[in-house]
2 protein chains.
Amino acid sequence: MATTAHAHAHGTDDWGAHARLTLEQAGYRSGAARHAVVELLARQDCCLTAREIADRLHDEGSSIGLASVYRALEVLDELRLVQRLDAGEGTARFEPAHPSGEHHHHLVCDNCGVVTPFEDDGLERAIQRLARKLDYEVHGHDVVLRGACPDCHAAR
Amino acid sequence: MATTAHAHAHGTDDWGAHARLTLEQAGYRSGAARHAVVELLARQDCCLTAREIADRLHDEGSSIGLASVYRALEVLDELRLVQRLDAGEGTARFEPAHPSGEHHHHLVCDNCGVVTPFEDDGLERAIQRLARKLDYEVHGHDVVLRGACPDCHAAR
DNA sequence: TTGTTTGCAAACCTTTTGCACGTTA
DNA sequence: TAACGTGCAAAAGGTTTGCAAACAA
């Protein structure tokens, strides 16, 4: 089966190690804040906002400034280690970008705002066919489906 | 041919009239600011930011407040008369949503930021097949392809 | 030691809101 | 006239930046 709304298992391809290596090879030193952000992201299946990242780090006892979270995410984005996603709520979300190219897309509930990941091979194939036809060098893509999640739909 | 990077012709299905009628039927009165925003959007093929809308209206001599542009867009969005798009630059973009369901998606250049519309039937079919399989009532979707536009790609 | 990273606070930008005034029905 | 729409200014987020202190190499 090609479609699943379940996230894949945690850390199966060790994104954390890949990210640390890539950062080092790009000449970045290791500091506490960026390290903590990488460690936290390595444990995520789906996207978090910068504030969510800072809050979780605080909960775990780290005192990381929000600005440092943004700076870490900026570097990770430049190195294509994270995928930035705008779900339309005015705040950006970030999730690990796996070197294998494996990725998912998102369902966003118009009503409650919950974001759910899904994967679909047919969709990926259609996008690859499309990208070949365009006069553009395509590096990546995002698909967001909007609608009513099962809970909100049932609650009508 | 199913794929085109060209926008379709201006106002061929008279979105402006449709929008005015929908607004009236929803009980909205007609005011200068919202009217001007609808008129301007009716002439657009692709997305504009709120500031771009206000600036163009000013250029045309209207003195429309930016807040009124946002308020107009909010109403139009609620009535599903516009499509809101986040291209990831931190500012939302808006374009007319045609009642026929005809729509396009966007290519965003990572380098220069230019946004180009495209249409692809294969992609639409893949999304429709996918939507049927999900446990979600899907109302809409956005696809953003990111990469290097022909100019930026050539300039390397 | 030297340049990088970080935390804090201030600055910035987009978007929303309060309020008084003008306008529509 | 009563309710709605608008413009302006202020407020409210989210994100970026300046700077001095802490830190890695």
Side-chain angles (χ1 to χ4, degrees), chain A residues 19-41 47-58 60-79 81-82 84-94 113 115, chain B residues 19-41 47-58 60-79 81-82 84-94 113 115:
Chain A
R20 282 188 293 274
L21 183 61
T22 305
L23 284 164
E24 187 190 323
Q25 289 177 340
Y28 289 98
R29 294 185 183 174
S30 92
R34 190 157 52 218
H35 183 260
V37 170
V38 169
E39 286 297 296
L40 179 64
L41 281 176
C47 48
L48 295 176
T49 66
R51 173 161 292 283
E52 284 167 350
I53 292 170
D55 287 348
R56 294 199 190 188
L57 291 175
H58 284 169
E60 294 174 6
S62 325
S63 54
I64 304 292
L66 183 54
S68 299
V69 173
Y70 277 106
R71 279 189 277 235
L73 291 170
E74 184 183 20
V75 168
L76 294 171
D77 191 34
E78 268 163 22
L79 296 176
L81 288 167
V82 295
R84 189 182 208 118
L85 165 77
D86 265 296
E89 323 114 305
T91 77
R93 291 177 163 272
F94 302 84
V115 176
Chain B
R20 282 188 293 275
L21 183 62
T22 305
L23 284 164
E24 187 189 324
Q25 290 178 339
Y28 289 98
R29 293 186 185 172
S30 92
R34 190 158 52 218
H35 183 260
V37 170
V38 169
E39 287 296 296
L40 179 64
L41 281 175
C47 47
L48 295 176
T49 65
R51 172 160 293 284
E52 284 167 350
I53 292 169
D55 287 348
R56 296 200 188 186
L57 292 176
H58 283 169
E60 295 174 7
S62 325
S63 55
I64 303 292
L66 184 54
S68 298
V69 173
Y70 277 106
R71 279 188 278 234
L73 290 170
E74 183 184 20
V75 168
L76 294 171
D77 191 34
E78 269 163 21
L79 296 176
L81 289 168
V82 295
R84 188 184 209 117
L85 165 77
D86 266 296
E89 323 114 305
T91 76
R93 292 177 164 272
F94 302 84
V115 176

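From a predicted model like this one, the values you see are computed outputs, not experimental measurements. Numbers restart at 1 for each chain; the letters A, B, ... are given by sequence-line order, proteins then strands.
A:D86 places its CG atom 12 Å from the C1' atom of D:dT15, with the value rounded to the nearest Å. The distance from atom CG of B:L85 to atom P of C:dT14 is 16 Å, rounded to the nearest whole Å. To the nearest angstrom, C1' of D:dG7 lies 14 Å from CG of B:L57. We find that CD1 of A:I53 is positioned 14 Å from P of D:dG14, with the value rounded to whole Å. Rounded to a whole Å, the CG atom of A:D55 is 15 Å from the P atom of D:dG13. Distance, B:E52 CD to C:dC13 P: 16 Å, rounded to whole Å.
Ion pairing between A:E52 and A:R93 holds under the 4.0 Å rule for side-chain N and carboxylate O. Between A:E39 and A:R20 there is a salt bridge, with a side-chain nitrogen of the basic residue lying less than 4.0 Å from a carboxylate oxygen of the acidic one.
For the atom pair B:Y28 OH and B:T22 OG1, the distance stands at 11.5 Å (nearest 0.5 Å). The line from CG of B:L85 to CG of B:L48 is 11.5 Å long, rounded to the nearest 0.5 Å. From B:E74, atom CD reaches atom CZ of B:R34 across 10.5 Å, with rounding to the nearest 0.5 Å. Of the inter-residue distances, the one linking B:T91 atom OG1 with B:D86 atom CG reads 7.5 Å to the nearest 0.5 angstrom.
Interface residues of residues 66-76 of chain B facing DNA chain C, ordered by number: B:L66, B:A67, B:Y70, B:R71; criterion, heavy-atom separation under 4.0 Å. Near DNA chain C, meaning a heavy atom under 4.0 Å from it, residues 23-38 of chain A has A:Y28, A:R29, A:G31, A:A32, A:A33, A:R34 in order of number.
Residue-level contact check: A:S63 touches the backbone only, with heavy atoms under 4.0 Å from sugar-phosphate atoms and none from bases.
Judged by distance alone, with hydrogens and angles left aside, the side-chain atoms of B:H35 form no donor-acceptor pair with the main-chain N or O of B:S30 at under 3.5 Å.
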Starting from the C-alpha separation in whole Å, work towards a yes-or-no answer on side chain to side chain contact (heavy atoms under 4.5 Å, CB included) for B:L76 and B:L41. CA-CA 11 Å; B:L76 294 171; B:L41 281 175; 3.9 Å; yes
